[in-house]
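Each remark here refers to the structure printed beneath this line.
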Amino acid sequence: MRSQNRLSQTIDWPTILIYLAMVFFGWINIYAAVYDPDIQQGIFNTNYNAGKQFVWFSLSLVLIIAVLVMDFKFYDTFALPIYGVVMLSLILVLLFGREVAGSKSWFDLGGIRIQPAEFAKLATGLAIAKLLSYSGKKLDNIPTFLTMLALISFPAALIILQGDTGSALVFASFIIVFYREGFPGFIIALGLMFVVFFIITLFFRGEDFNILIWSIVALGLIIGAALFLLSKKKKLQKALFSVLVSFLLIGMAYSVDYVMKNVLKPHQSKRIEFLVDPDIDPMGIGWQVTQSKIAIGSGGLIGKGFLKGTQTKFDFVPDQSTDFIFCTVGEERGWIGSLIVIGLFIALFFRIMFIAERQKSRFTRIYGYSVLGIFFFHFMVNIGMTIGLFPVIGIPLPFFSYGGSSLWSFTILLFILIKLDAHRMQILARS
């Protein structure tokens, strides 16, 4: 009884309240997304998505209790075995899983479908926290970085083999952890520059492409010369580095066409091309995003009202209760409702960051930033793809999108951090 009272006093209640608010609003919007005025479906009817989501949430409460009751040392001690078990499940789903929408990512357990990829993010976060805290090394150490890279690449590769590229891309979110733990920021900035340049190159065709190449050459030489003349220290290395980056960009520019035609799948290439040119296939690959933007834009300032969204009511947006749930918010709640949802996520991000930074344990801090990175990546990409800023890659909006596996994994992910934080004064510092 005494330990339970101590837990209730040290637990982070603001984060729990944010979680409950998000789950509640998500549930209401799932009901709105599948609402049919001609059918008396009811919000608790388990034959429909809203009723099923309520069941998933009810079971999530059981998971929350289990996470909070568990000894806080369990998550540190068994981080690597948990990672191993989840990796094994990713292999087994390739052999015995059920294929849904072109992805062999699901176990069908008596009518309940479980997606191991959702739990792989959680397991990887624990494993990274365990190995980094155990070694005590920063990520500016090359062997340590390569170990961490292998740790995230293995599940990502297995998930790609399942046909779920979107879930695999989420593992890029661990770059936030790497940066916090000492990985050089300029390398991250350089990587982001190459990604942006890949997209920019798609805008250039024919004679415009030649202009792009010569512009890169000229810019690289100008920057290199300027660094050589103006830099006081290591001026030759800096100049050569700028020229090297220029040649790498030129190589990337010439490789874009090959990647689009031979590496990516046809539907993936078309989604990226639609991002660059929305007019290429508005009735095909671009239909979903176009209708989503119409739905969000039609909401105006205050929205059309609960259950009054015409885009929703007439099923213009595919997957609206899952990957495109945010367009329901935009249509029925308008700009104000969308701002509230985004505000809840921002509050959650800052709360997680606050929790992570107040830890005595490096394990908990690293795990906290893993949680932050995963949530932020899902938030950024999911909302970005509904408004046409990112290509459609099919990942859920945490606590809002319909789905048991995603709700459970996000819930466990968050509440392990809350549990560890509640015992922060008992956990010995390792760094």
Side-chain angles (χ1 to χ4, degrees), residues 4-26 60 63-65 67-68 70-76 79 121-122 124-130 132-133 136 138-139 148 170 172-183 185 188 339-383 397-400 407 409-431:
Q4 292 177 349
N5 290 335
R6 185 165 58 244
L7 179 63
S8 65
Q9 293 170 3
T10 57
I11 203 167
D12 195 78
W13 289 106
T15 304
I16 293 178
L17 291 176
I18 294 172
Y19 164 80
L20 292 173
M22 295 174 82
V23 171
F24 175 76
F25 286 127
S60 293
L63 294 174
I64 289 170
I65 293 171
V67 169
L68 295 180
M70 191 81 68
D71 190 328
F72 68 91
K73 299 175 185 177
F74 172 85
Y75 304 107
D76 186 336
K121 296 169 284 190
L122 157 67
T124 304
L126 286 171
I128 287 174
K130 176 66 175 181
L132 273 182
S133 62
K138 293 287 187 180
L139 275 165
M148 295 301 106
V170 177
S173 66
F174 288 104
I175 199 69
I176 292 177
V177 181
F178 294 173
Y179 176 71
R180 176 59 181 84
E181 296 304 313
F183 190 71
I188 297 174
L339 187 63
I340 291 172
V341 170
I342 292 172
L344 282 172
F345 275 102
I346 292 174
L348 180 64
F349 299 152
F350 276 102
R351 197 67 202 172
I352 292 173
M353 192 182 303
F354 172 76
I355 291 172
E357 287 296 335
R358 72 181 178 185
Q359 300 305 311
K360 286 180 170 290
S361 163
R362 192 182 180 202
F363 173 83
T364 308
R365 186 186 72 228
I366 294 170
Y367 178 73
Y369 273 94
S370 297
V371 176
L372 175 64
I374 292 167
F375 279 135
F376 179 74
F377 188 92
H378 275 267
F379 162 81
M380 176 183 67
V381 174
N382 181 279
I383 293 182
L397 185 62
F399 308 127
F400 278 80
L407 178 60
S409 65
F410 289 132
T411 297
I412 296 172
L413 188 73
L414 180 63
F415 275 87
I416 287 177
L417 177 62
I418 291 173
K419 171 67 174 180
L420 293 171
D421 174 65
H423 293 275
R424 62 187 177 275
M425 302 306 295
Q426 300 170 250
I427 303 176
L428 294 176
R430 293 190 176 185
S431 56

>> If the condition is side chain to side chain donor-acceptor pair (under 3.5 Å), which residues does Tyr19 pass it with, not counting sequence neighbours?
In response: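 Once residues adjacent in sequence are excluded, the partners of Tyr19 under the side chain to side chain donor-acceptor pair (under 3.5 Å) criterion are Thr411.
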Can you tell me how far [atom2] of [Y] sits from [atom1] of [X], rounded to the nearest 0.5 angstrom?
X      : Y      : atom1 : atom2 : result
Phe379 : Ser173 : CZ    : OG    : 14.5 Å
Leu68  : Ile16  : CG    : CD1   : 6.5 Å
Phe74  : Ile416 : CZ    : CD1   : 8.5 Å
His423 : Ser361 : NE2   : OG    : 13.0 Å
Ile412 : Leu122 : CD1   : CG    : 6.5 Å
Ile418 : Trp13  : CD1   : CH2   : 9.5 Å

> Do you know the tightest heavy-atom contact between Arg362 and Leu132?
Replying inline: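 Smallest heavy-atom distance, with atoms named: NH1-O, 2.9 Å.
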> Between Ala79 and Phe363, what is the shortest heavy-atom contact and its length?
Replying inline: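 Taking Ala79 first and Phe363 second, the nearest heavy atoms are CB-CE1, 4.4 Å.
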Hey, can you pull the donor-acceptor pairs under 3.5 Å for the side chains in residues 340-357, sequence neighbours left out?
{"residue": "Arg351", "atom": "NE", "partner": "Asp12", "partner atom": "OD1", "Å": "3.4"}
{"residue": "Arg351", "atom": "NE", "partner": "Asp12", "partner atom": "OD2", "Å": "3.1"}
{"residue": "Arg351", "atom": "NH2", "partner": "Asp12", "partner atom": "OD1", "Å": "2.7"}
{"residue": "Glu357", "atom": "OE1", "partner": "Arg180", "partner atom": "NH2", "Å": "3.2"}
{"residue": "Glu357", "atom": "OE2", "partner": "Arg180", "partner atom": "NE", "Å": "2.8"}
{"residue": "Glu357", "atom": "OE2", "partner": "Arg180", "partner atom": "NH2", "Å": "3.4"}
{"residue": "Glu357", "atom": "OE2", "partner": "Tyr369", "partner atom": "OH", "Å": "2.4"}

> Does Lys73 come within less than 4.0 Å of Asp76, counting only side-chain N to carboxylate O?
Replying inline: no
Minimum side-chain heavy-atom gap [X]-[Y] below 4.5 Å:
X      : Y      : result
Arg358 : Asp421 : yes
Tyr75  : Val67  : yes
Thr124 : Lys121 : no

> Can the ring centres of Phe399 and Phe375 be said to be less than 6.0 Å apart?
Replying inline: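 Yes, close enough.
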